[in-house]
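Notes follow once the structure below has been shown.
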Number of protein chains: 2
Amino acid sequence: MAATIRDVARASGVHVSTVSRTFSAPHLVNPETRNRVLAIAEDLGYRPNRAARALTTGRTHNLGLIVADISNPFFPPLIKAAQAHARLRDYHVFVADTDEDPQVEEELIQTLTKQVDGVLLCSPRLSNRAIEKLGEDVPFVVVNRRLKGMSTVLMDVGNGARLAIEHLMTLGHRRIALLAGPAGSWTSREMSDAARAMDGIELSILGPNSPTEHGGLAAADAVLAADVTAVLAYNDLMAIGLVEGLDERGVEVPGRISVVGVDDIVPGRLTRPKLTTVAMPTEAAGRTAVDLLLQLVGAGETATPALATLATHLIIRDSTGPVPP
Amino acid sequence: MAATIRDVARASGVHVSTVSRTFSAPHLVNPETRNRVLAIAEDLGYRPNRAARALTTGRTHNLGLIVADISNPFFPPLIKAAQAHARLRDYHVFVADTDEDPQVEEELIQTLTKQVDGVLLCSPRLSNRAIEKLGEDVPFVVVNRRLKGMSTVLMDVGNGARLAIEHLMTLGHRRIALLAGPAGSWTSREMSDAARAMDGIELSILGPNSPTEHGGLAAADAVLAADVTAVLAYNDLMAIGLVEGLDERGVEVPGRISVVGVDDIVPGRLTRPKLTTVAMPTEAAGRTAVDLLLQLVGAGETATPALATLATHLIIRDSTGPVPP
DNA sequence: GGAAGTTCTGCAACCGGTTGCATGAAACAT
DNA sequence: ATGTTTCATGCAACCGGTTGCAGAACTTCC
């Protein structure tokens with residue numbers, strides 16, 4: 001069995017409270033005693049039990065990270081960054097996948113609540129009301145969704161869409177389609193709002209569509225029917241699917257139609273043509289979310305929700321080119 | 001503040017122990033009392049505190065999952081499956097990324113130990129000795145590494161390599177290259193052992209190589225110099241890189257050279273040509289690992305390590321074709 | 001009608017820490 | 001020499017549960 005604080009106390013002839021303080025408030029104990037205790041603790045392989053500590057302090061030093069789908073290539077970099085960032089601050093993180101199911105999401109949050117100091121919700125599927133309700137029990141930071149009264153991390157896809165369209169305009173494109181995402185998506189709405197606000201282009205909005213490779217593939221005919229020279233897709237998976245669909249129909253990318261995606265997921269760098277895309281700051285989002293969350297945790301009841309908007313940028317690769325003559 | 005067991009006890013006029021039993025040993029309490037307690041608990045929004053429970057029972061109902069790199073596309077499906085499987089058994093899982101650093105790995109295991117009932121180590125970078133040492137403190141299951149005396153989940157890449165080569169032979173290929181992975185890799189060794197044991201082919205082993213897209217790209221010249229008609233790569237990333245490198249040199253895949261990868265990661269399904277590959281049962285590995293781990297946890301000290309070997313299979317797509325005339 | 005079981009509930013100690021308060025000793029001020 | 005601080009440590013209650021033991025109430029059996 002692992003050594004406990006009492007084993008250390010016995011072995012070093014001091015009271016358990018002294019051992020406790022040696023670890024959690026070292027300045028309160030005589031350097032001499034402290035060193036002796038530390039030496040013996042080291043010797044016994046003692047490590048404080050975080051769960052036990054949490055019981056009295058109310059701080060578990062754990063975070064929860066809830067995502068809709070771990071294997072969606074968009075999330076792993078975020079998870080990785082969040083986890084690494086948390087570790088530097090001496091926090092461990094529970095990662096849970098809801099499988100896009102709001103019910104699972106809710107249950108997960110509820111069972112996790114007691115074990116964590118805060119929860120990171122990425123692209124939640126739960127209703128606003130449900131989230132607000134759950135937010136009473138545990139601090140939240142929401143990523144990729146606007147929620148009043150909650151700390152939020154957003155990625156500026158509106159500006160990303162603008163950058164993409166400007167890039168297309170520079171290449172001479174004027175008739176541009178926006179391949180929209182799922183109906184309720186905040187991201188999708190941001191993109192179309194931004195696109196609609198741009199002057200000098202003729203915009204067709206196609207969709208809603210399923211945000212998958214298949215969704216893009218299925219939209220190929222609609223794109224052709226729209227008679228455009230360039231397409232901005234809701235995400236890279238759709239863009240990849242679209243390129244594939246166009247290819248099947250003998251339409252060259254970017255020869256006849258230019259395609260821009262959003263996300264900058266790994267596969268986009270590996271397909272041919274390599275995808276021009278709006279890069280989402282996923283790592284930064286993970287780190288920022290952890291920062292906001294710990295800030296919230298530290299502030300206790302007095303916490304004020306913060307909003308972080310992170311910049312996106314355009315990565316120009318090979319799926320965009322000059323408008324054909 | 002969230003309701004505790006004492007709040008429920010007070011509100012329902014019974015002793016805390018009765019409330020406790022209502023949740024952890026329902027058959028010991030009178031159905032009438034039980035229902036009353038349950039109703040009041042529900043009313044108060046009471047949920048047992050797992051950390052507190054762990055203190056007395058010694059079971060945290062948490063698992064640790066340690067991987068070298070979350071954003072390596074190979075891992076997310078495994079993480080997802082493991083997490084989902086664990087959830088069904090009422091376990092939460094800490095996910096930690098070591099960034100390929102053995103030191104971080106060790107530290108992570110040590111700090112996690114007290115908070116989990118067991119740890120899943122995926123493709124560990126730690127020395128065998130270190131792992132065995134740490135294994136004294138907490139049950140382990142190791143994925144993708146052979147370790148005596150420890151529960152292990154392996155994927156049968158040897159047979160995968162055989163299947164791939166047989167497929168190539170059916171297509172008429174005889175001069176085949178194996179693009180090896182990193183020097184110390186168990187997987188790489190399994191593959192080359194299997195390939196060497198096959199009759200009727202002329203095998204060139206090229207490498208070791210970095211197991212990345214870049215590693216594959218950089219190997220293009222070596223492949224051409226080897227004068228082969230087909231290549232089996234250590235993993236999909238390398239295969240994709242190789243296809244790219246060959247393309248740059250005007251060599252058609254599969255027209256002049258066929259390429260087979262290993263892993264079946266998402267990008268391989270999206271590149272063109274779509275990659276023929278040996279699918280690794282990553283989801284099954286995640287589930288199996290959790291099963292073995294919980295088995296170990298349940299057995300306590302008397303646990304006997306188990307070894308699971310999972311079958312791989314070949315997925316034929318577009319990067320392999322008949323040997324050119 | 002009393003002994004022997006059952007079934008249910010309460011009591012209290014315990015898990016591994018933390019922390020407010022009390023105490024004793026040493027250091028300083030007067 | 002005395003009073004006042006400061007410093008280091010011990011004491012004991014507490015965090016939110018679990019569990020062995022004991023006893024009360026109720027059955028069952030002879």
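By convention in this document, chain letters (A, B, ...) are assigned in the order of the sequence lines, proteins followed by strands, and residues within each chain are numbered from 1.
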Checklist line | Closest nucleotide among D:dG10, D:dG17, C:dT18 to the A:Ile5 side chain | finding: C:dT18

Item checked: Axis bend over the full length of the helix from C:dG1-D:dC30 to C:dT30-D:dA1, computed from five pairs that close each end, to 10 degrees -> 40°

Notebook entry, point to check: Whole-Å distance between D:dA13 C1' and B:Arg6 CZ?
Noted result: 12 Å

Check: Taking C-beta and beyond as the side chain, do B:Thr111 and A:His92 meet within less than 4.5 Å on heavy atoms?
Finding: yes

Next item on the list: In sequence, state the C-alpha distance, the side-chain angles, and the governing distance for B:Leu121 and B:Glu105, and then conclude on side-chain contact (heavy atoms from CB on, under 4.5 Å).
Entry: CA-CA 9 Å; B:Leu121 268 185; B:Glu105 189 171 335; 3.7 Å; yes

Note to self: Would you say that more than 12 heavy atoms from the other residues, nucleotides or ligands in this model lie under 6.0 Å from the CD of B:Glu100, or not?
What the structure shows: yes

Item checked: A:Gln103, CD atom: more than 12 neighbouring heavy atoms under 6.0 Å -> no

Notebook entry, point to check: To the nearest angstrom, how far is B:Arg47 atom CZ from D:dG17 atom C1'?
Noted result: 16 Å

Item checked: Side chain proximity check, B:Thr309 to B:Leu307, heavy atoms < 4.5 angstrom -> yes

Notebook entry, point to check: Less than 4.5 Å apart, any side-chain heavy atom of A:Ile265 and any of A:Met280?
Noted result: no

Margin query: With the threshold set at under 4.0 Å for non-hydrogen atoms, list the residues of residues 19-35 of chain A touching DNA chain D in residue-number order.
Written below: A:Arg21, A:Leu28, A:Val29, A:Asn30, A:Thr33

Notebook entry, point to check: Any chance CZ of B:Arg89 has more than 12 other-residue heavy atoms, nucleotides or ligands included, within less than 6.0 Å?
Noted result: yes

Margin query: Tell me the interatomic distance from A:His61, atom NE2, to C:dG17, atom C1', rounded to whole angstroms.
Written below: 14 Å

Note to self: Using the side-chain heavy atoms of A:His15, tell me which of these nucleotides is nearest: C:dG17, D:dG10, C:dC11.
What the structure shows: D:dG10

Check: Would you call the rings of A:His61 and A:Tyr91 parallel, tilted or perpendicular if under 30° counts as parallel and over 60° as perpendicular?
Finding: parallel

Check: Contact class for A:Thr18 vs. all strands (heavy atom < 4.0 Å): base, sugar-phosphate, or nothing?
Finding: sugar-phosphate

Margin query: Please give me every residue in residues 49-58 of chain A whose heavy atoms get under 4.0 Å of an atom in DNA chain D, ordered by residue number.
Written below: A:Leu55, A:Thr56

Next item on the list: Rounded to the nearest angstrom, tell me the gap between atom CZ in A:Arg10 and atom P in D:dG10.
Entry: 14 Å

